[in-house]
Number of protein chains: 2
Amino acid sequence: MALHQDSHLLAHDCADCPIRHRAVCAHCESDELTKLEQIKYYRSYQAGQTVIWSGDRMDFVASVVTGIATLTQTMEDGRRQMVGLLLPSDFVGRPGRSTAAYDVTATTDLVMCCFRKKPFEELMSATPHIAQRLLEMTLDELDAAREWMLLLGRKTAREKIASLLAIIARRDASLKSPRSSRGSVIFDLPLTREEMADYLGLTLETVSRQMSALKKDGVIELEGKRHVIVPSINSLMEETGDDTDGGFLV
Amino acid sequence: MALHQDSHLLAHDCADCPIRHRAVCAHCESDELTKLEQIKYYRSYQAGQTVIWSGDRMDFVASVVTGIATLTQTMEDGRRQMVGLLLPSDFVGRPGRSTAAYDVTATTDLVMCCFRKKPFEELMSATPHIAQRLLEMTLDELDAAREWMLLLGRKTAREKIASLLAIIARRDASLKSPRSSRGSVIFDLPLTREEMADYLGLTLETVSRQMSALKKDGVIELEGKRHVIVPSINSLMEETGDDTDGGFLV
DNA sequence: TTCCCTGCTTGATCTGCATCAAGGCAGATC
DNA sequence: GATCTGCCTTGATGCAGATCAAGCAGGGAA
């Protein structure tokens, strides 16, 4: 059974696929896949490069193949708020709109799989499955955004940091081994302190202080500035302020 | 030309309809409309009543016919964050999920047009137009949520209040006359101070103080606690911190 | 080796909003 | 009319996180 790892757009949960999470199964979708293959192309960006500026004309939609990108909004006076973190298989752009609503920036080296918007829209009208899959993904993103609203509006700085670490730990874990050694998780932060601050609605100084505090309290260990060891994912979760049943999204 | 005002779900912008904004035009959609008519039913709620609790089983999707409802999230210790405001024609619930993710509460008397989830999902697979319309609405909501993330993360209390008033003024205006007397807007707040606070990530005292401050500075006038007069929508917009070109959503 | 330069940490101080507390007002009930 | 109750306002005080300001660590260039 062939897997087309980079046409992430058609990703779905297919019980017959060896990779169930956001994998693409050719035997279910061969038609659409073929058509998608015909209109797709790749673009690469270096870490730090801007993919597109808010307000720019955007004549494509795309999905992330490898690397990490961010969506940010900026106010005239320079205040910045990150509103989305794009990881492999995440989708950018929206059918039916011609200009970008946010700045999209590559925070690591990035490869995107792009589709020109016009043919993509035509394909979408012709193949209902794509619209349904896109709806599903958009609803997930909406849930994540709302979870984030709770964080931004009501959580303390410490809870915000813990929540971000928990999210990264979780997503990282799901990309790699199905389960690392029970309870403990190790990962590299893909964001600078400033980017973390922009995501959490804090200043970079506060981020730094809270990271130090979590380290002092034994919730995390740091090797260098980016390499994080979480000895017990449960103690981290306790710091997030969330229900412990762990229904966290993103 | 017949209008089916309450099957809001199929709402779309039809150039031939007298009401272009989220109206339903029978001649475009007669088939789907007929099927939707067969599975729909109505429910009414009184102001203050809870429509559904987060975590409850939810075997329907629905759209608001009249009145206003809110989506809120609550932390164990009682901190609350509103994550959505549902106005007439807005959609609640999500195909493919069986439990509610948020508390849904009626803030005014409310009438909802409901569809049992199972037949609705079947209908959605059969009629691609519905999924596409739903996708469009969900993308709009996602944009609104992201706009709100900027507000929650980076705006001052005064900017938050001004932004909320601007949003209500705009939505209210679009429901009523196409254009009220150039520049000035009058409306009734559909929310208590506490609800405003939950929406804005503030306390009710801060909301009250900032409302008083805006009044003192002549940005708004108040008659009683709820009736708001905005003498100049432009001066209000200047207080929001947003770009003045006015691309505001929700 | 030295010198940057970028990203990070830590300290001192300030401030915007939360918190605690005390009324005020208008509509409902008796 | 008196009293109650829900909602709102205003004042006094406290504190979490912002702001201002140094200085450090590590990596790359010469």
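Convention: sequence-line order gives letters A, B, ...; per-chain numbering from 1.
With A:Asp242 as reference, A:Lys155 is the one residue of A:Lys155, A:Arg154, A:Arg170 to meet the salt bridge (charged side-chain N to carboxylate O under 4.0 Å, His left out) rule.
Taking atom CG of A:Leu204 as the reference point, atom P of D:dA18 lies 10 Å away to the nearest angstrom. Between B:Leu222 atom CG and C:dA26 atom P the separation is 14 Å, expressed in whole Å. Distance CG (B:Leu202) to C1' (C:dG16): 11 Å, rounded to an integer number of Å. Between the CZ atom of A:Arg193 and the C1' atom of D:dA25 there is a distance of 13 Å, rounded to whole Å. In this structure, NZ of A:Lys155 is placed 17 Å from C1' of D:dA16, rounded to the nearest angstrom. B:Arg79 has its CZ atom 13 Å from the C1' atom of C:dA18, to the nearest Å. For A:Lys216 and C:dT9, the NZ to P distance is 15 Å, given to the nearest whole Å. Distance, B:Arg226 CZ to C:dC25 P: 19 Å, rounded to whole Å.
Note on B:Gly48: nothing from the nucleic acid sits closer than 4.0 angstrom, heavy atoms only. Note on B:Arg158: nothing from the nucleic acid sits closer than 4.0 angstrom, heavy atoms only.
Counting only heavy atoms from C-beta on, A:Lys225 has its side chain closest to C:dC8 among D:dC8, C:dA18, C:dC8. Of the candidates C:dT10, D:dT10, C:dC8, the closest approach to any side-chain atom of B:Ser212 belongs to D:dT10.
Taking only distance into account, the side chain of A:Glu205 never meets the base of C:dC8 through a donor-acceptor pair shorter than 3.5 Å. For C:dC8, the base has no donor-acceptor partner in the side chain of A:Glu194 [N/O atoms by modelled type, under 3.5 angstrom].
Residue whose closest nucleotide on DNA chain D sits further toward the 5' end, between A:Thr156 and B:Met211: B:Met211.
Remark: B:Arg226 CZ is packed, more than 12 non-hydrogen atoms of other residues, nucleotides or ligands lying under 6.0 Å away.
At the phosphate of D:dG17, neither OP1 nor OP2 sits under 4.0 Å from any side-chain N or O atom of A:Thr203. Of the side-chain N and O atoms in A:Arg209, none sit less than 4.0 angstrom from OP1 or OP2 of D:dA18. Regarding contacts with the backbone of C:dT9, a side-chain N or O of A:Ser208 is found under 4.0 angstrom from either OP1 or OP2.
When both pairing distances are held under 3.5 Å, C:dC30 makes a Watson-Crick or G-U pair with D:dG1.
Taking both residues in full, the closest heavy atoms of A:Pro190 and A:Thr107 are given as O-OG1, 4.1 Å, listed atom of the first, atom of the second, then distance.
A:Glu195 has its side chain out of reach of A:Thr70: every pair of non-hydrogen atoms, C-beta onward, lies at least 4.5 Å apart.
Between A:Arg80 and A:Glu194 there is no salt bridge, since none of the side-chain N atoms of the basic residue sits less than 4.0 Å from a carboxylate O of the acidic one.
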